[in-house]
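Heads up: the structure comes next, in structure tokens.
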Number of protein chains: 2
Amino acid sequence: MNMKEFSARTTLSAHTLRYYEKIGLLSDIHRSSNGHRFFTTKDLEWVAFIIRLKETGMPLESILEYSNLRALGESTNQERQALLEQHRDKLKSRIENEIQHLSALDAKIEYYTLNKTS
Amino acid sequence: MNMKEFSARTTLSAHTLRYYEKIGLLSDIHRSSNGHRFFTTKDLEWVAFIIRLKETGMPLESILEYSNLRALGESTNQERQALLEQHRDKLKSRIENEIQHLSALDAKIEYYTLNKTS
DNA sequence: TTACAAGTTAGAGTTTACTCTAGGTCAAGA
DNA sequence: TCTTGACCTAGAGTAAACTCTAACTTGTAA
């Protein structure tokens, strides 16, 4: 698919996608004869995974690390797994932290509600 | 307490704390005769709340909005409550999203584990 | 009294992740 | 043929949130 469709499907702007390619997050993107990028469903899956990692707070630099291991093939599976496990653990504690913050917020809101009638 | 102690207790650097004062997040900080800042336990509580909002993803600009309402006194309670409620709802959906990402990560890690012996 | 640790200001610099601009190519439709 | 729309590159600009620097003052301890 062309840039327009890929951009629409990934919800990332063409600018951002070119930027991701530039920093090495997207590699081996096909080009058609006129030099335009041509994306595949594999690319779609990979960008979806990038977005997942981003939305869980992983900085692009770490995603790039994972991406580089991926490019080296199967032999890096163990390292990649370790990276994901680390990230999962961080995510877990962040979620726990956020749940605590949520109940603290609820308490504060409750306090405002009670004071409304006073 | 002085800057050093306040910095230690809030876990924010002196630089960051001065920055927060500069942008208006911390107002009416007392000064001692020599011009040094002198913080109170009230300040400690307020910074703790700032950190809570920050850790739940609220940008400083929105925290500043809340802060400005707070400075206007009781009459802004309703507005402040609405702001917090909005934020709580956002936080809730973010947590839900993260929980989904977490299980997707688990699945991916599981996949690596299965492939280890193959 | 002199050195040191802690504080001050204004303003410059940094990092991350985009986001935009300028100047160009190319294919299809009116 | 001319315009329109999509694409390209290199590189500049932006926003958020710090983080650091330079130049200075002040209080205490040796």
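Quick note: numbers below take in every heavy atom, side chains included, and nothing from hydrogens, waters or symmetry partners. In the text below, chain A, chain B and the rest are named by the order of the sequence lines, each starting its count at 1.
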Could you tell me whether the side chains of A:Gln100 and A:Glu96 share a donor-acceptor contact shorter than 3.5 Å?
no
Starting from C1' on C:dC18, measure out to CD on A:Glu21 and report it in whole angstrom.
16 Å
Going by number, which of residues 37-48 of chain B have a non-hydrogen atom under 4.0 Å from DNA chain C?
B:Arg37
Exam field: side chain A:Thr40 to backbone A:Asp43, donor-acceptor pair closer than 3.5 Å:
yes
D:dT9 phosphate, OP1 or OP2, under 4.0 Å from A:Arg31 side-chain N/O:
yes
Residues passing the side chain to side chain donor-acceptor pair (under 3.5 Å) test with A:Arg18, sequence neighbours excluded, are none
Any protein N or O atoms within reach of nucleotides 14-17 of chain D? Criterion: under 3.5 Å, listing atom names and distances.
unit_1: D:dA17; atom_1: OP1; unit_2: B:Leu60; atom_2: N; d: 3.2
unit_1: D:dA17; atom_1: OP2; unit_2: B:Leu60; atom_2: N; d: 3.3

My understanding is that only residues two or more places apart in sequence, or in another chain, count here; which of them pass side chain to side chain donor-acceptor pair (under 3.5 Å) with A:Tyr66?
B:Tyr112
Separation of D:dC18 C1' from B:Ile51 CD1 (nearest whole Å)
14 Å
Could you tell me how far apart B:Asn2 (CG) and D:dT25 (P) are, to the nearest whole angstrom?
21 Å
Separation of atom CG in B:Leu17 from atom P in D:dC20, rounded to whole Å
14 Å
A:Ser62 side chain vs A:Met58 backbone, donor-acceptor pair below 3.5 Å:
no
How many whole angstroms separate atom CD1 of A:Ile23 from atom P of C:dT19?
13 Å
5′-ward residue of the pair B:Glu5/B:Lys22 relative to DNA chain C:
B:Glu5
Residues 24-33 of chain B side chain polar contacts: donor-acceptor under 3.5 Å, at least two apart:
unit_1: B:Arg31; atom_1: NH1; unit_2: B:Gly35; atom_2: O; d: 2.9
unit_1: B:Ser32; atom_1: OG; unit_2: B:Asn34; atom_2: OD1; d: 3.3
unit_1: B:Ser32; atom_1: OG; unit_2: B:His36; atom_2: O; d: 3.1

Between B:Glu21 and B:Arg37, is the salt bridge (Lys or Arg N to Asp or Glu O under 4.0 Å) condition met? List the steps.
CA-CA 11 Å; B:Glu21 194 187 12; B:Arg37 287 169 188 82; 2.6 Å; yes
Kindly confirm or rule out a cation-pi arrangement of B:Lys108 over A:Phe49, judged by NZ or CZ under 6.0 Å from the six-membered ring centre and within 45° of its axis?
yes
With a 4.0 Å limit, can you tell me whether A:Asn34 has a side-chain N or O closer than that to the phosphate oxygens OP1/OP2 of C:dT25?
no
Which whole-number value in Å describes the distance from A:Leu12 CG to C:dC18 P?
8 Å
Quick one: list whatever passes salt bridge (charged side-chain N to carboxylate O under 4.0 Å, His left out) with B:Arg88, sequence neighbours left out.
A:Asp106
For atom NE2 of B:His36 and atom P of D:dT28, their distance in whole Å
11 Å
Over how many whole Å does the gap from A:Arg18 atom CZ to D:dG11 atom P extend?
16 Å
